[in-house]
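Have a look at the structure below, then the notes.
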Amino acid sequence: MNKNLKEQVLRSCGVNVLKCMRCGKCSGTCPSYDEMEYHPHQFVYMVERGDIETLMNSKSIYKCLTCFACVDRCPRNVEPAKVVEAVRLAAIRQQGNNHMNPNQIPEMLDEDMPQQAIVTAFRKYIK
Amino acid sequence: MQRIGVFVCHCGTNIAATVDVKAVAEALGHEPGVIVSQDYQYMCSESGQNLVKNAIKEHNLTGVVVCSCSPRMHENTFRKAAASAGLNPYLVEIANIREQCSWIHKDIASATEKAIILGKAAVAKVHLNAPLTAGESPVVKRALVIGGGIAGIQTALDIAEAGFDVDIVEKQPTIGGKMAQIDKTFPTLDCAACILTPKMVEASQNEHITIHSYSEVSDVKGFVGNFTVTIKKKARFVDETKCTGCGLCTEKCPMNKVPNEFNMGFDNRSAVYIPFAQAVPKVATIDPNYCMMLKTGKCGVCSKVCSVGAIDYKQEDKLIEQKYGAIVVATGFNPINLDKYDEFAYNQCPDVVTSLELERLMNAAGPNGGTLLRPSDKTHPHKIVFVQCVGSRCDDSKGKPYCSKICCMYTAKHAMLIREKYPDTEVYVFYIDVRTPGKNFDEFYRRAVEQYNVHYIKGMVGKVTPRSDGKIDVQASDLLANEQLHIDADMVVLAAAIEPDKTARPLATMLTTQMDTNDFFTEAHPKLRPVESATAGIFLSGACQGPKDIPETVAQASAAAAKAIGLLVKNSITCNPCVAHSDELMCNGCSSCEKVCPYGAITYIDKEFKMPDRTVAIRRVASVNPAVCQGCGACTVACPSGAMDLNGFSNSQIIAEVDAICK
Amino acid sequence: MQEAMINKAKQLLADGIVDRVIGWKRGEFVYDITPAIFETAEELEKDFVYDDFTAANVSKYLVKESKKEGKILAFLKPCDTYSFNQLIKEHRVVRENVYIVGIPGGPKLDAEKIKEKGITGILSVKNENYTLKIETVYGEETMPFYEAVLDKCASCKSKKHMIYDELLGEEGDVLDSNRFDMVEKLENMTAQERYDFWREQLSKCIRCNACRNVCPACTCEKCVFDNPDSGIENKAPADSFEENMFHIIRAFHVAGRCTDCGECSRVCPQNIPLHLLNRKFIKDINTFYGEYQAGEDTTSRAPLNEYKQSDCEANIVHERGAE
Amino acid sequence: MQVNENKEFQPLIVAFCCNWCSYAGADLAGTNRLNYPDNIKIIRVPCSCRVNPMFILRAFQRGADGVILCGCHPGDCHYTSGNYFTRRRMTLLFSMLDFLGIERDRTRVEWVSAAEGAKFAATMNEFTEAVKKLGPNRRLEDLRCRKQ
Amino acid sequence: METFTYYPGCTLRTKAKTLDDYARASAKALGISLEEPSDWQCCGGAYTTAKDEIATKLSAVRTLNAARAADRPLITVCSACHNVIKQTNYDISHDEEFASKVNNYLKLDEPYCGEATVYHYLEMLRDVIGFDELAKKVVNPLTGKKIAAYYGCLLLRPSKALAMDDPENPSIIEDFIRAIGGTPVIYAQRNECCGGYIALEDRAQAQKRSSNVMRSAEDQGAEMVITACPLCMYNLKKNSDSSLPVYYFTEILAEALGAKEDDNE
């Protein structure tokens, strides 16, 4: 377990993961559940355990839609999406660890795609 | 001249090992007023007490100081000993030289020095002690029970059994409360009505019990043993004494599309109604919100069909005032409103229901005569999903922070009953934890799983989407399978958190009792005084104090009754004499003390004073009711003139202690 | 204004609305104005004074006067109405027995400040365009008006009457005053500096009790300092401790009740800025428990007689500011 | 006054403890044999709200070097609300003493429950140390009461 | 005529021109003047919830500061811009550390601490004009039209910061639909995500999400879906298997107000 990394993630997300009562509602409500290897409740639990690297190396961090459904519906006000975001940032902030390369973008586009999608993707994937 | 005796206890070696008790006795013997100073092995033993008693008699002592363990331990012992030797018990002071000296210090010299100082402080204080006599206050031999659910009924029955008059105030037209709406009870599955209605009848027939249904408490004054309560009897527009409960008016009433709250709105009642067949009192009530006669002056059908002339459209709210010695609060609970949790689609889909609604849907006296049908299309549901902890165990910002306690068990009950009656129906229960601490509770839950094959899934429902084909898509997590599930359910049942009745908070203010942040009444002590409120003479029964199931409620109801009876059997109660008192000559009448008194013990009177110039002046002065005052002393500091002082802990006594310590 | 007041008083006496009038009389010197009771038109004509030296707050006199038979007319300046309201709240005056005429307030003058300029033998004063023309036995002198204004008027909090039956003149507004400036300045000093400041000031105290006797909040039937049973009876400041004790306890007893009328400092013969102690409490109460102005109304609870569960802990004192 | 140069300054500290929580907490510290300095002398009061500012000043006058006031935790007062009033009164009193230049660390309020014997002992140790650091009370004493 | 600071955002300049055009046309018809700050920048597209992320939030603060300078509430139309700007404003007024870091970066004349008021266009309709007043100005009511409001996620959540409506029981768009004469269709997926930006990388997921939403609306009998978000519009139209028409709410507003034709001239 990497203690520094855990602290960094906790500071960055501002979430008290100890508030989680492990009900699994976040994962029950998550629209990206099936696309994820690790699910919102696991993010909270694994961060609590300090198992951050596993999460950073998983594609799950790019599957969160930031729809905040887990944030609003969590009975304990734990805000799992913020945890996912913090782990994702920890990952892409590492040198050469961008999830996407600007050169890849043109082929992904179609003419109706609003640039809002591209800007957001940049925020999520690239540092 | 004071004649004070000092008694230094060795407490075996507990004190004597670190404190030179002889030196303490010697030193204190030289204090002014001290005429006898002795030490003894065990002062609290019978022979030790005799030592004290004999000294009191022999030396005609005016005050006693015992240097021993904490006053919390043996103050009463020595007070009783003093009293039996003819000395006022409040002329005894304890110097705590064990817990606060010998047990915490190692150095004999400094511990002895400190023990002497503590002894000196006690001697200084006892010099100023006044003999106190506990006052007495008469007890009105009548109890009031607020709330007529099972808690209130049980309490009233028990108090009546002991031979005391007791009144039940119930805001609904009938007593019975939530239990009357419940179908079966866990863990035995006997029918709620079968065990409740005999008690309701018993209550109505008991000569000691008066039921004020359709009534509310509107004011409470007074104190333990002597409360004056104003009860508002709301106009029901039916003369209770005449109505026979025949029900003809309810059948003939043309306004028959009023949602029936007893059946959770699943069917209708008329504007004049009797909530249910076994209602007590079985008397009709006219709902002024719907009655055409009351709203427009046109109709009058019920009046025409009533053969006994019980209908009275001119009836008005009536206030009655009654005195009580004890009050028992039994205001109960309600399920919370679910607007905040519409991810479960409660507001969108009639087939998403609360557990209490399910009780009515399954009840033989319910809207479907006991056949479980979906509210939307009256078809039989084949797949039912139960969701636990809806609004319970939440962060404060998201719902109730507590566990509602009863949901796990009633859900197991529902699941079992459904599986028993409709074996073709699949039942899923989404749970976070299954909490079954209670006699035969876990066995009951295991039966649901093992015998009835109810699918318990550890996880939580995240989204409920009703579909046009009548199915309800339930999206949930299955934490053990690490899967997100979608279940095509026919019905969803939500275990809504329960909360105290909304009337509880204003009532608590009237009663000057404490409440927690969730509006549950606070007991005087969470372990040792669980059915008393901190306010003397006010007792707690049932779910108003915290979530409870029926057996617990009944147990607490009887316990509250026992406590109330314990009070009512007394002709008078002894009051704590260490209470505040006001020096009328110094009192400014400024009301500061009244504002900080948590018990409402201070009132003001206009009093005549002869002035030095022989004129008479009328001044407003504070007066403390010693039966109500609990002796906290808040008033003594609020009083700028120092008119207010506290028996047993007077300004001069405390200052004497300060001086003795600082000398 | 004096003329109008006399006429009003005469009329109210004549109409039988009031039986007595509390106003002011001149003493030996022109600036020596003290409260007095008038019962007839003649007495009013002869002695009633209201001028730039009339600063005394008559509210406190009403504690006794309002309990007598009949009704009394009181002329109250805006600051006095706060005191009076507070007395109503504390049931110290009988409201029905007082007929209140609200009159415009200061700024009032401080004779000491005029004398400090070396001007003595004062016969009369006149404010002309904020220049004070002073006629003395030695001839006419002038000084800027504002340099002669009482400290309490210089930091006036309100020109608005909180209570009255009738108003003479125009109604004013509640003001944004700078009254906490000095408190703040002291707060920003080191503890040693504060200690030195107050030692210097309080050591001047001669325990004449003028501050207590003038204070409209100090109306106790018997003061703790006069009561041998209180444990703190104390007639003269025999030691520096007792100087401190008297003023701390006095300020504490009026905390949340003091309307900041400033009379304590005005009457102090040693010129101790006693109002700073009261203002310190007022400032703390405002900061810790929300803005509160004693005497603004007759029903709200005094801050020390109520609480919030969310109140700050006492250690806030240890945590803030410089040591 | 004679000062023994070799002897460490031993402050006199008065602790007012409410009967229901803090006094019981002190008893618990004793039961568990948790040491704290003998400088602490406890005075029992029914509730922290019984403590008049007058008592605190009196203690200083008579030579106390520190005064600590202990009561039930807010919300747990045996008398419902007493400690809430205490909190306001002491906040203002301590602020005033500070305003007069009296050392802040000579006064303190602590909430100690009947179950917090360890906290009671720790608090007393800590407070005694703090007062020791300040040395004898000179700013709020009555010279006539000074020990010879 | 009431004037507001108006923040269109970059998508409204390009792919979502109609959303912008009809918003302006309708405002004109309603007697509201929208003033665009001269030098606005992109909002950033997505709000980063991380506390240690400052730089990406600065442009939103600049926009908010411009609104404060103009002393007028800030109106946004695009759900994404609205979400970013409102979350930024919430955090800067609730998180002192964040506020001080931002202000250290920006060196504004006066530090910005959340003083500006931010309205979504819909909030302006509800809270400034009032739906009753709006109803009075409708000339072509959409009588009988069964319209499904699609909130998506960004308009409602996180509800603590957005504070626009009940996140599980929203009614603002339904009330809007009623005001312009239509019949709102309530369907459970109205506040679920359309897939958002994932469409770029994982079209299949976006298709799954959007189809889910559209099916739920269709299922409850909707004849059209309205939205406030260009990205939702894109996903619902392009990535769902439904043929239900999707419109910007501003378009049907303009139509109801009879402002549609005028503007397209």
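No experiment lies behind these values; they were computed from the predicted model shown. Every chain is numbered from 1 and lettered A, B, ... according to where its sequence line falls, protein lines coming before strand lines.
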Item to check | E/Asp202 and A/Lys59 ion-paired at < 4.0 Å | outcome: no
Checklist entry - Going by an N to O cut-off under 4.0 Å, is there a salt bridge joining E/Arg209 and A/Glu35? => result no
Checklist entry - Can a salt bridge be assigned to the pair A/Arg88 and E/Glu53 using a cut-off of 4.0 Å between side-chain N and carboxylate O? => result no
Next on the checklist: Heavy-atom pairs under 4.5 Å with chain E: which of A/Thr29, A/Asp72, A/Val119, A/Thr120 has the most?
Outcome noted: A/Asp72
Checklist outcome for this item: When the 4.5 angstrom heavy-atom criterion is applied to E/Ala16 and chain A, the contacting part is neither
Checklist entry - Testing E/Thr49, E/Thr48, E/Asp52 for side-chain hydrogen bond (donor to acceptor under 3.5 Å, both in side chains) with A/Ser12, which one passes? => result E/Asp52
Checklist entry - CE/A/Met113 to NZ/E/Lys238 distance, rounded to the nearest 0.5 angstrom? => result 9.0 Å
Next on the checklist: Quick check for you: among E/Val84, E/Asn83, E/Leu154, E/Thr56, which has the greatest number of heavy-atom pairs under 4.5 Å with chain A?
Outcome noted: E/Thr56
Checklist entry - What are the two closest heavy atoms between A/Lys124 and E/Ala46, and how far apart are they? => result CE-CB, 4.1 Å
Checklist entry - Relative to chain A, which segment of E/Lys208 carries a heavy atom at a distance below 4.5 Å: side chain, backbone, both, or neither? => result side chain
Next on the checklist: Can you give me the closest heavy-atom contact between E/Ala80 and A/Gln116, atom names plus distance?
Outcome noted: CB-NE2, 3.0 Å
Checklist entry - Which pair of heavy atoms, one from A/Phe68 and one from E/Pro158, lies closest together, and at what distance? => result CD1-CD, 3.5 Å
Next on the checklist: So which residue, A/Cys67, A/Ala86, A/Ala117, A/Ala121, ends up with the most heavy-atom pairs under 4.5 Å with chain E?
Outcome noted: A/Cys67
Checklist entry - Do A/Gln115 and E/Cys42 touch side chain to side chain, with heavy atoms closer than 4.5 Å? => result no
Next on the checklist: Any non-hydrogen side-chain atom of A/Tyr125 less than 4.5 Å from a side-chain atom of E/Glu201?
Outcome noted: yes
Item to check | Euclidean distance, E/Tyr47 OH relative to A/Thr66 OG1, rounded to 0.5 Å | outcome: 13.0 Å
Checklist entry - Relative to chain E, which segment of A/Leu65 carries a heavy atom at a distance below 4.5 Å: side chain, backbone, both, or neither? => result both
Checklist entry - So which part of A/Phe122 gets closer than 4.5 Å to some heavy atom of chain E, the side chain, the backbone, both or neither? => result neither
Checklist entry - E/Gly44, E/Pro167, E/Cys10, E/Cys43: which one forms the most heavy-atom pairs within less than 4.5 Å of chain A? => result E/Gly44
Checklist outcome for this item: Output for pair (E/Arg203 CZ, A/Met108 CE), nearest 0.5 Å, gives 10.5 Å
Checklist outcome for this item: Comparing A/Arg11, A/Gln8, A/Gln104, A/Lys63 against chain E, the one with the most heavy-atom pairs below 4.5 Å turns out to be A/Lys63
Next on the checklist: Quick check on E/Cys194 against chain A: is it the side chain, the backbone, both or neither that has a heavy atom closer than 4.5 Å?
Outcome noted: neither
Checklist entry - Which pair of heavy atoms, one from A/Asp112 and one from E/Tyr234, lies closest together, and at what distance? => result O-CD1, 3.4 Å
Checklist entry - With respect to chain E, which residue among A/Ile118, A/Val71, A/Leu109, A/Asp110 yields the maximal number of heavy-atom pairs within a distance under 4.5 Å? => result A/Asp110
